[in-house]
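Report on the structure given below.
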Amino acid sequence: MTARTRHIMYARLPISVLWPAVFVWCPLIRAQDSPGWHRYVRAPSSAIVRPVTILSSYTRGDVDNADGFVTGSATTVFSRADGSGEIPTVVVDFGQNVVGQPLLEFAGSTNGTSGAFPGVRLAFSEALEYLTERSDYTRSDRAQGDPPQLITTGTDQIAVKNSPYTWEDQWTCEYDNQVCSDGLHAFRYVRISLDALTTDSPYTSAEGQVKISSVSLRWSGYLGTADTFTGWFECSDVNLTQWWYDGVYTVETGTDIFRANDTEPRGATSASLLGKLVLHDGAKRDRDPYMGDLAVASLTSYLSHADASDATLNVLEDLATHQRADGWIPPASINHYTLQLFDYPLYWITCSWDYVFYTGNTSYIEAHYAVLTKILDTYYPAHTDATTQLLVRQNGYGDFAFLPRSGSAAYYSALYVLALNKAASLAELLSAPATQDAARWRERAAAVSQGFQETLWDASASAYFDRKCIGAGCAAHAQDGNSLAVLSGIANGTAASAALAYLSAHNARFYGNAFYDAGGEELGAGFSTRVYAFISYFEGAARFETGDVAGALDLMRRTWGWMASRDPGITHWEGIGADGSKYEAADTSLSHGWSTGVTPLLSTYLLGVRPTQPGFREWAVNPMATEDIDWARGVVATPYGPLGVSWERDAAGDIVVTVDAPEGTTGMVGGSASKGKGTRIQGGQMIVMTLPKSL
Ligand SMILES: *[C@@H]1O[C@H](CO)[C@@H](O)[C@H](O)[C@H]1NC(C)=O
Ligand SMILES: *[C@@H]1O[C@H](CO)[C@@H](O)[C@H](O)[C@H]1NC(C)=O
Ligand SMILES: *[C@@H]1O[C@H](CO)[C@@H](O)[C@H](O)[C@H]1NC(C)=O
Ligand SMILES: *[C@@H]1O[C@H](CO)[C@@H](O)[C@H](O)[C@H]1NC(C)=O
Ligand SMILES: *[C@@H]1O[C@H](CO)[C@@H](O)[C@H](O)[C@H]1NC(C)=O
């Protein structure tokens, strides 16, 4: 235990019939004296990362000491005297998905008969099933422009010099446009072979001898060792606990400086982003921050590394400065800020709310209020159906999954209602509160909600239709529309339970809940078998908010349990396809921040901590768990200091919760949005109270 020496008081709480407050001592675990959670941390211990092993069954050709460059026991020697025989090959496993610049320490080489330097060829992959002679992804696969910035043809090449040296992978060519490499990679496996492209002649050839004394990686991203965590989480279910840290690690792999030579190659480089810390969508692909993805990734970031909140702020501010005259905000810098997504400006609003409430930076809303009003008062009103009040997607625009659903999709309007209400609460935070705007936006949210209920409710299914439409796909019911109808408060209690029950009955797969029921197949093949962990975050939150804790945990165990048990393990995938496959095969990003919803779900609901005023000046603690969870504890960072919560079940099955809140804050313990009860607590004291299990 270090710095924190505050006096601990036990407040007497009023005893009421509903809220018997019982004072019992239970051991409280506090931020600094709780290294128990350290074992779950996934980050490498230092910025130079070493592989774990070689996959010996993949070794081919003439290779001496195949594992020497991993164990450090000997130099590994690849030989192919005259270009005949098998290509000497070793596959190296880093044990988990990692991101950065690969480093090879060469102990020397001997030219082959052709007199050229021997070549080394590298092919990377996140999962073993996509390890081939070609990388699962290189930036050149997406190269655009005139001339296209294509430099590799899917593998990284080296012309190995005769004297010892260390080679670091850079996005460059050794000789004009020959012997090229891709630079940064995110991968678990790398296939190293003594080989050369014929197009790299005369600089390299597939013959000679190469000696390698070590293989490693210079980490890029947030190096989230245990000492860097500002918040943490632990509970009696070790799997759930581990996935919390897996989510954090996934976001760490994408928390990086925006650089010209390792980000999205399709016109994403932007002078206003270069050199800034951002949250990229993916570690391998989609190295560009997208607004919607931050709806989940930023929460994971605030809850684990509050010091990295600039990574969110930089993106919010950059996209705000690129607002179009009609109020629309680009989703990302890709295509020079012209990629047309219809839903992402709404995430700019919900992400702004999250930023202000998690960090307490209210000057942000003063600075960007005009941007907010333009989104809500100029852009979306121009795309609203005057009869139904529902949003109508602008022609030529896509959404988070580029879904071919024109018209009034439930998801757009439900997200709109959520954003309108969040915007209203931001308007009230201004130093001169914009109460009229707030009232107006809440009224509009109510009108959209009414139109939504009247237009989209499918009484025969007891769920909301995907959209009001004519033609193909009209029978579909989507996870996004139904989950957000619940989360935004559009659905009344009966409709909310029915809609979530519908998803359980029709969208549940063994690897998560599909984003469409069978009706979605009319929109796109495979839609009823595809799972997005991203949108599943909203379903999980909707289940918790309506008290369906068992349903939320079941959803989490299927979705994140599936990914945890498959290659590459640990990191969360962009999407899951039929039968639990990687939904876009080799191209799928297997470390994608938007898929880390398990982390905020556990902190916000199972531990039960959330801000109700900016910076947790007011907070709520409302643990929610099924009876197979015996205890949970954790810390959430606030600008006032760490907010610690620990709960465990007593013999009667009730939850005994200990809250250690920082001075200068107040909060409600045990109150839930739906039940409205709770006990108000002042920060600066540690309190212990019992919450009835019937919560
Ligand atoms: C190996 O080949 C390179 C490139 O052709 C050449 O520059 C170098 O001198 C050769 N090494 C020896 C030892 O001949
Ligand atoms: C990539 O960018 C970094 C920093 O911006 C620079 O140091 C490096 O030389 C660049 N590499 C290439 C190949 O352009
Ligand atoms: C945790 O995960 C492992 C491996 O997937 C599984 O065998 C085990 O049953 C899980 N434990 C719980 C409590 O769910
Ligand atoms: C708070 O937000 C303002 C406006 O967006 C920004 O300029 C400032 O740097 C932020 N403060 C911190 C501490 O991040
Ligand atoms: C709840 O919502 C559903 C669907 O919108 C509607 O059919 C039902 O009448 C509503 N029930 C009440 C009590 O308002």
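Keep in mind the model is a prediction, meaning the values are calculated, not measured. Whatever order the structure lists them in is the order used to number ligands and atoms, beginning at 1.
For His477 and Tyr464, the distance between ring centers is not under 6.0 angstrom. Ring-centre distance between Phe616 and Tyr640: not below the 6.0 Å cut-off.
Counting the atoms of ligand 5 from 1 in the order shown, those under 4.0 Å from a heavy atom of Gln453 are 5 (O). Applying the 4.0 Å criterion to heavy atoms of Glu317 picks out, from ligand 4, the atoms 4 (C), 5 (O). Every atom of ligand 4 is numbered from 1 in the order shown, and the set under 4.0 Å from a heavy atom of His368 is 5 (O).
A salt bridge does not link Arg80 with Asp62: none of the charged nitrogens is closer than 4.0 Å to a carboxylate oxygen.
Annotation: cation-pi pair Lys374/Tyr379 absent, no NZ/CZ under 6.0 Å from the ring centroid and within 45° of its normal. The cationic group of Arg405 lies under 6.0 Å from the six-membered ring centre of Tyr412 and within 45° of the ring axis, placing it in a cation-pi geometry.
Each of Thr312, Asp293, Thr350 was checked for a side-chain hydrogen bond (donor to acceptor under 3.5 Å, both in side chains) with Ser298, and the lone residue meeting it is Thr312. With respect to His305, the ring-ring contact (aromatic ring centres under 6.0 Å, His included) criterion is satisfied by exactly one of Tyr358, Tyr222, Trp232: Tyr222.
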Inset, instruction - Could you walk me through whether Lys161 and Glu174 pass salt bridge (Lys or Arg N to Asp or Glu O under 4.0 Å), step by step? - result: CA-CA 11 Å; Lys161 310 300 174 292; Glu174 287 187 47; 2.6 Å; yes
Table of N or O contacts for ligand 1, cutoff 3.5 Å:
from	atom 1	to	atom 2	distance (Å)
ligand 1	2 (O)	Asn111	ND2	2.4
ligand 1	2 (O)	Gly115	O	3.0
ligand 1	5 (O)	Gly115	O	2.9
ligand 1	11 (N)	Asn111	ND2	2.8
ligand 1	11 (N)	Asn162	OD1	2.7

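Between Asn492 and ligand 5, an N or O atom pair is found at a separation short of 3.5 Å. Residue Ser363 has no nitrogen or oxygen atom sitting less than 3.5 Å from a nitrogen or oxygen atom of ligand 4, judged on distance alone.
Aromatic ring pairs are classed by plane angle as parallel below 30°, tilted from 30° to 60° and perpendicular above 60°; the pair Tyr302 and Tyr355 is tilted.
When non-hydrogen atoms are compared, ligand 5 lies under 4.0 Å from the side chain of Tyr464 (C-beta onward) but not from its backbone.
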